[in-house]
There are 2 protein chains.
Amino acid sequence: MAEQDDGLDERKQQILKAVIDTYLATGEPVGSRTISKYTDLKLSSATIRNEMADLEDMGYVIAPHTSAGRIPTDKGYRFYVDRMMQIMKENSDQIEKKQKDLDKREKELDDMRKFISSKVDKVDDLLENVARLLAKDTNYASMISTPSVKGNKLKFIQLTKLGSGKILLVIVMDGNLIRSKVVEVSEDITQEQILKLNLLLNTTLNGLTLEQMNLALLSGLESKAGQEHGQIIREVMQALIESIQNADHLQIYTSGATNIFKYPELSDSTTASELISTLEEKKGLTSLIKSEKDSSAEDGITVYIGDETPVESMKDCSVVTATYELHDGMKGTIGIIGPRRMDYQKVVETLKTIRTQLDDIFKKS
Amino acid sequence: MAEQDDGLDERKQQILKAVIDTYLATGEPVGSRTISKYTDLKLSSATIRNEMADLEDMGYVIAPHTSAGRIPTDKGYRFYVDRMMQIMKENSDQIEKKQKDLDKREKELDDMRKFISSKVDKVDDLLENVARLLAKDTNYASMISTPSVKGNKLKFIQLTKLGSGKILLVIVMDGNLIRSKVVEVSEDITQEQILKLNLLLNTTLNGLTLEQMNLALLSGLESKAGQEHGQIIREVMQALIESIQNADHLQIYTSGATNIFKYPELSDSTTASELISTLEEKKGLTSLIKSEKDSSAEDGITVYIGDETPVESMKDCSVVTATYELHDGMKGTIGIIGPRRMDYQKVVETLKTIRTQLDDIFKKS
DNA sequence: GTTAGCACTCGATACGTACGAGTGCTAATT
DNA sequence: AATTAGCACTCGTACGTATCGAGTGCTAAC
């Protein structure tokens with residue numbers, strides 16, 4: 001019965017786990033008698049009561065009122081999750097999935113493959129669908145961000161004269177991401193000017209990432225081109241710069257916001273309203289998106305419990321996020337938003353699976 | 001005191017209007033005494049009571065329980081709205097807006113102009129913003145659909161060789177709508193083949209609407225091109241056909257879903273959940289989008305009250321829709337979803353204003 | 001160290017009462 | 001004949017009280 005690092009002996013840990021497990025399942029405060037029967041450790045309710053009193057003193061559980069069972073505190077959840085993650089990591093090699101789950105996942109994978117092959121060019125639709133899938137599968141709310149394309153290499157730029165004063169600007173990046181725009185210029189541009197400009201742009205910029213095309217380089221290019229071709233060129237370049245800067249437009253898709261009504265503790269009118277609002281507006285979600293190097297969680301999965309979340313309106317929720325990678329450094333974020341008493345195990349597993357699938361998909365294309 | 005067409009004499013109409021007006025304002029059943037004081041018609045509560053009893057018999061109002069005031073029925077609302085719309089139409093010429101409103105609207109208009117001029121190419125963003133504006137302004141939920149582009153004329157098609165086996169396809173339509181896609185072909189295509197194909201496509205298709213580019217024409221073109229250029233061409237054409245058919249992808253933006261929590265009668269957990277779900281999923285909203293010629297409402301404004309709505313989950317709501325026009329025949333739909341007791345007058349006016357602004361904006365571009 | 005037993009707490013539920021807004025009806029008034 | 005005053009009645013809401021039971025903390029026994 002050695003004391004653990006957290007000051008919880010083995011038995012306390014088991015009891016805490018039992019409390020959390022049953023609370024996750026039922027959503028109601030769990031009493032000593034329940035634990036006494038539920039667990040395989042042969043202990044009477046009285047003993048459990050004593051241990052639970054200790055756990056309460058240590059801040060892992062709390063009793064909503066005197067004569068109720070205990071529910072986990074954030075600290076309790078945190079301990080539970082950390083332990084779970086550690087165990088998952090240790091077992092990650094010898095994970096042998098249950099066949100049932102495998103079949104289900106395989107079906108989902110198929111669905112996605114089918115979908116993606118039908119509309120390869122529509123990354124947006126894909127992500128939206130993934131969000132939907134996630135929400136449906138987990139019964140929580142989901143979000144997914146478009147991967148950053150800042151690190152994406154430019155493949156091809158093309159200017160085409162459209163009509164008088166109008167130029168079509170098309171940018172193609174690695175992974176076949178396309179951005180296009182019609183640029184209005186004040187004076188007419190000749191066919192030769194366009195051809196020259198095309199050549200200049202492609203030779204100078206080809207293979208560079210959007211990041212590398214910093215303002216200095218571009219405006220240097222602008223003045224260089226300007227010397228040769230005058231005012232109109234400057235306008236085109238200006239539009240190009242804008243386009244490139246806008247190309248990285250971060251977008252977030254959400255789904256299953258109404259799933260939160262499945263959890264009474266979140267169904268309260270104002271809580272729900274705020275929550276759904278943030279999911280609808282999307283702006284508030286950016287703080288959930290992983291920064292470049294999130295060294296703390298090397299596997300890219302982060303769990304925020306209750307107050308830990310950076311999003312104000314999610315104080316009563318837990319949030320699990322994972323990152324997926326397009327290729328080197330181009331990360332997107334997937335997130336699940338649910339009640340504190342979410343099925344962390346399942347969510348983490350699901351996120352891992354989906355992440356892998358996304359990685360595969362993007363690697364292929 | 002002549003009997004009106006609806007069997008409601010002038011006084012009953014006034015009382016009905018008074019009931020609805022105050023109910024719209026307060027959201028609570030209104031009693032006879034309130035009316036007696038509120039209106040300018042000098043009548044005692046007893047008289048009002050008698051009249052209200054009549055109105056109840058005729059089905060215009062209903063008492064939620066014996067000792068409560070009356071609330072309007074759908075029939076009552078319908079009468080009210082019809083009358084309002086008629087009056088608005090009659091007065092449409094001599095509408096002199098209150099300066100306050102004008103200022104406010106003008107500010108909104110400015111906001112939109114500013115926004116639109118900054119990102120002319122992003123129709124999507126514009127519409128999303130309009131939805132947001134509407135929701136914020138009215139305190140109801142809003143939706144807006146992208147205008148159909150089936151009637152849009154093709155301005156320009158361009159194929160460009162990207163790399164081995166990859167061709168960039170760009171379609172530019174009237175109003176500078178751009179669709180682009182990367183097409184993968186099994187064999188390489190030569191530069192000359194591409195040039196020829198470009199010429200063929202532009203000469204044949206230029207100026208046609210997407211509608212006119214029916215399958216027959218395109219597949220005719222396909223076989224014609226195919227004779228000259230072989231298998232690869234067929235693949236390109238196939239992609240083109242797909243692109244054109246997908247170009248008209250109807251999209252719906254919604255905003256302010258959480259506004260419904262401002263109305264207790266909709267805040268019930270399941271009602272709200274269903275409602276927000278439909279707004280989130282968007283699919284169910286297509287039935288609100290106006291068909292080609294909705295002759296019944298010549299001004300393009302339609303009011304659905306309660307059960308009248310075609311959307312199942314909105315049985316407890318009222319929905320007001322308006323159409324805006326890009327140009328001939330290219331219509332989009334704007335909609336407001338709120339409680340039965342919505343401020344119909346304000347909503348209709350707001351929709352009319354926004355519609356006009358949208359029309360202006362699209363005519364200009 | 002564990003457990004049985006017991007008094008105690010407190011939320012949930014049910015029920016009774018008081019209150020008041022609003023009605024319908026009748027009789028008086030204009 | 002239409003309007004109004006008056007009054008008994010209805011019913012939802014608020015509130016206080018009683019009961020119940022799940023679960024606790026504590027003490028004493030094992």
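Naming convention: chains lettered A, B, ... in sequence-line order (proteins, then strands); numbering from 1 in each chain.
- To the nearest angstrom, C1' of dG1(C) lies 15 Å from CG of Leu41(A).
- Summarising the geometry, the separation between CD on Glu56(A) and C1' on dG23(D) is reported as 12 Å, rounded to the nearest angstrom.
- Between Thr47(A) and dT2(C) there is no side-chain polar atom (N or O) within less than 4.0 angstrom of OP1 or OP2.
- The interatomic distance linking Glu51(B) (CD) with dT4(D) (C1') rounds to 13 Å, in whole Å.
- Using a 4.0 Å cutoff on non-hydrogen atoms, the parts of residues 63-75 of chain B near DNA chain C are Thr66(B), Ser67(B), Ala68(B), Gly69(B), Arg70(B), ordered by number.
- The interatomic distance linking Ile48(B) (CD1) with dT3(D) (C1') rounds to 11 Å, in whole Å.
- Checked against Ser318(B) for a side-chain hydrogen bond (donor to acceptor under 3.5 Å, both in side chains), the options Tyr77(B), Tyr304(B), Tyr140(B), Tyr344(B) give a single hit: Tyr344(B).
- Going from atom CD1 of Ile15(B) over to atom P of dT23(C) covers 12 Å, rounded to whole Å.
- Thr258(A) and Ser277(B) form a side-chain donor-acceptor contact under 3.5 Å, judged by distance and modelled atom types alone.
- Side-chain atoms of Arg49(B) lie closest to dG6(D) of the nucleotides dG6(D), dT3(C), dT3(D).
- Counted by atom type alone, Ser44(A) and Thr47(A) present one or more donor-acceptor pairs between their side chains at under 3.5 Å.
- No side-chain donor from either of Asp307(B) and Thr309(B) sits under 3.5 Å from a side-chain acceptor of the other.
- For the residue pair Asp21(B) / Tyr80(B), a side-chain donor-acceptor distance below 3.5 Å is found, with atom types taken as modelled.
- Under the salt bridge (charged side-chain N to carboxylate O under 4.0 Å, His left out) rule, Asp54(B) has a single partner from Lys12(B), Arg70(B), Arg49(B), which is Lys12(B).
- Distance, Asn50(B) CG to dT3(D) P: 9 Å, rounded to whole Å.
- Taking a cutoff of 4.0 Å between a charged side-chain nitrogen and a carboxylate oxygen, Arg78(A) and Asp82(A) qualify as a salt bridge.
- Across the protein-nucleic acid pair, Met52(A) atom CE and dA22(D) atom P stand 16 Å apart, rounded to whole Å.
- Look at NZ on Lys42(A): it is 11 Å from P on dT3(C), rounded to the nearest Å.
- Among the candidates Asn139(A), Leu275(A), Thr271(A), the single residue satisfying the side chain to side chain contact (heavy atoms under 4.5 Å, CB included) test with Ile260(A) is Leu275(A).
- Using a 4.0 Å cut-off between charged side-chain N and carboxylate O, Arg340(B) and Glu265(B) make no salt bridge.
- For DNA chain C, the neighbouring residues in residues 18-40 of chain B, judged by any heavy atom under 4.0 Å, are Gly31(B), Ser32(B).
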